[in-house]
Structures are given as structure tokens and as C-alpha cells.
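Notes to accompany the following structure.
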Amino acid sequence: MADTQRLPLPIIANWDWQTAGACRGMDSDAFFHPAQERAKGRRRRISAAKAVCQACPVIRQCLEHALDTREPYGIWGGLSEDERAERLGLQSLRYPAPRAPRPAPPAGAPVLVSVDPSVIGPAAADAVVGGSASMS
């Protein structure tokens with residue numbers, strides 16, 4: 001699922017480029033993989049979708065949209081999910097993580113913890129936020 005917080009505001013100027021897309025009116029199956037798709041079929045589908053994109057007058061806007069929103073599925077702007085992830089320096093758009101490990105914080109640096117009480121319970125959240133929980 002795309003990170004909807006990254007989507008542009010619902011203003012026609014942000015979306016009207018889509019009306020000029022070469023893919024408009026086509027079956028979306030050409031651009032999004034079906035369940036159980038095998039490697040050979042995937043390569044053929046991606047190649048055919050990219051051919052449509054190469055003739056598209058809004059390929060740049062489409063790619064910008066997909067990169068800005070980190071669209072995790074399908075062919076957008078002539079690039080596959082894997083190609084867009086690589087451009088963004090991520091292993092995957094579905095499970096975004098940096099390609100290279102982040103360096104460890106300096107010794108003694110404070111560690112920030114994000115706590116969701118609905119997941120771990122309010123008492124445990126208070127303990128972590130209050131600093132009384134031990135991290136082992």
C-alpha cells in the first residue's frame with residue numbers, strides 16, 4: 001500500500017497529468033503483477049508496460065509521482081518497483097529500509113524510542129517513556 005501521507009493535495013492541478021497518460025483506459029493488469037506471477041511472465045509484462053510508458057507524454061510526471069509517494073506496486077513512469085526502490089536507495093518499497101546499515105549512535109548518546117500504547121499496553125508504555133523499563 002502506498003504511504004498516503006505522501007500523496008499530493010486533492011487539487012486538480014496535482015492530478016490532471018493522469019488524463020494524458022498512454023495507459024489511460026488500459027487494463028491495470030498490464031502494469032501490476034497478478035498473484036502467483038512467475039519470473040518469465042513478470043519479465044514479459046514489465047517489458048510490455050515499459051513500452052507503453054516510453055510512448056507516454058507524461059512519463060516524467062508519472063515517475064515523479066511514483067517516487068514522491070513511494071508507490072510500492074506496479075510500473076510507473078517506465079520503472080518497476082525494484083527500479084524505483086533502487087533509485088530511492090531502498091531495498092524495497094513494500095518494506096522500506098535503507099540499503100546500507102545506518103551507523104551506530106555514539107556511545108552514551110540518548111536513544112529515542114517510539115511507543116504505541118495500543119500495541120504494548122499503557123502500563124508498559126508508561127514504563128518505557130518514564131525510563132523505568134530495562135532494555136535487554
Side-chain angles (χ1 to χ4, degrees):
M1 177 182 296
D3 181 353
T4 58
Q5 293 177 346
R6 295 178 186 272
L7 291 175
L9 294 174
I11 299 171
I12 192 70
N14 293 335
W15 298 95
D16 66 343
W17 60 268
Q18 292 180 345
T19 63
C23 61
R24 184 158 174 89
M26 290 183 66
D27 186 347
S28 63
D29 287 350
F31 299 90
F32 296 91
H33 66 83
Q36 308 301 319
E37 182 179 49
R38 301 286 184 228
K40 189 175 183 180
R42 180 180 172 92
R43 285 191 300 270
R44 274 195 302 249
R45 180 188 51 77
I46 288 174
S47 180
K50 286 181 173 186
V52 172
C53 294
Q54 293 310 308
C56 184
V58 293
I59 188 172
R60 183 182 53 78
Q61 294 94 321
C62 183
L63 180 57
E64 285 175 7
H65 168 77
L67 293 173
D68 289 347
T69 61
R70 295 191 178 189
E71 177 60 52
Y73 300 103
I75 306 301
W76 290 79
L79 296 183
S80 69
E81 299 101 328
D82 295 337
E83 292 165 329
R84 292 192 311 276
E86 186 174 325
R87 237 191 224 192
L88 292 168
L90 302 171
Q91 290 181 9
S92 167
L93 288 167
R94 280 165 262 153
Y95 308 102
R99 285 194 176 275
R102 293 183 182 178
V111 177
L112 300 177
V113 178
S114 177
V115 178
D116 184 349
S118 68
V119 174
I120 67 171
D126 288 343
V128 171
V129 173
S132 60
S134 65
M135 305 299 263
S136 47

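Computed from a predicted model, the values in this text were never measured in an experiment.
- Nearest heavy atom pair, residue Ser80 against residue Ile46, reads CB-CD1, 4.4 Å.
- Applying the salt bridge (charged side-chain N to carboxylate O under 4.0 Å, His left out) test to residues at least two apart or on different chains, the pairs with a partner in residues 48-63 are Lys50-Glu83, Arg60-Glu64.
- Results of the side chain to side chain contact (heavy atoms under 4.5 Å, CB included) test with Lys40 over Arg38, Arg43, Arg42 single out Arg43 as the only residue that passes.
- Contact detail for Ala30 and Ala49: the closest heavy-atom pair is O-CB, 3.4 Å.
- Residue pairs meeting the side-chain hydrogen bond (donor to acceptor under 3.5 Å, both in side chains) criterion with at least one partner in residues 23-32, sequence neighbours excluded, are absent.
- Below 30°, between 30° and 60°, or above 60°: for Phe32 and Trp76 the angle between ring planes is above 60°, a perpendicular geometry.
- Interatomic distance, Gln18 CD to Cys23 SG, rounded to the nearest 0.5 Å: 8.0 Å.
- Scored by the salt bridge (charged side-chain N to carboxylate O under 4.0 Å, His left out) test, Arg45 finds Glu37 as partners (sequence neighbours excluded).
- Of all non-hydrogen atoms in Gly21 and Val58, the two that sit nearest each other are CA-CG2, 3.7 Å.
- Among all heavy-atom pairs drawn from His65 and Trp17, the shortest one is CB-CZ2, 3.6 Å.
- When all heavy atoms are compared, the tightest approach of Pro57 to Ala22 is CD-N, 4.5 Å.
- Atom-to-atom distance recorded for Asp68:CG and Leu63:CG is 9.0 Å, nearest 0.5 angstrom.
- Neither Phe31 nor Ile59 shares a network with the other; the hydrophobic side chains, linked directly or stepwise wherever heavy atoms of I, L, V, M, F, W or Y lie under 4.5 Å apart, form separate groups for each.
- With a 4.5 Å cut-off on side-chain heavy atoms, Leu67 and Arg84 count as touching.
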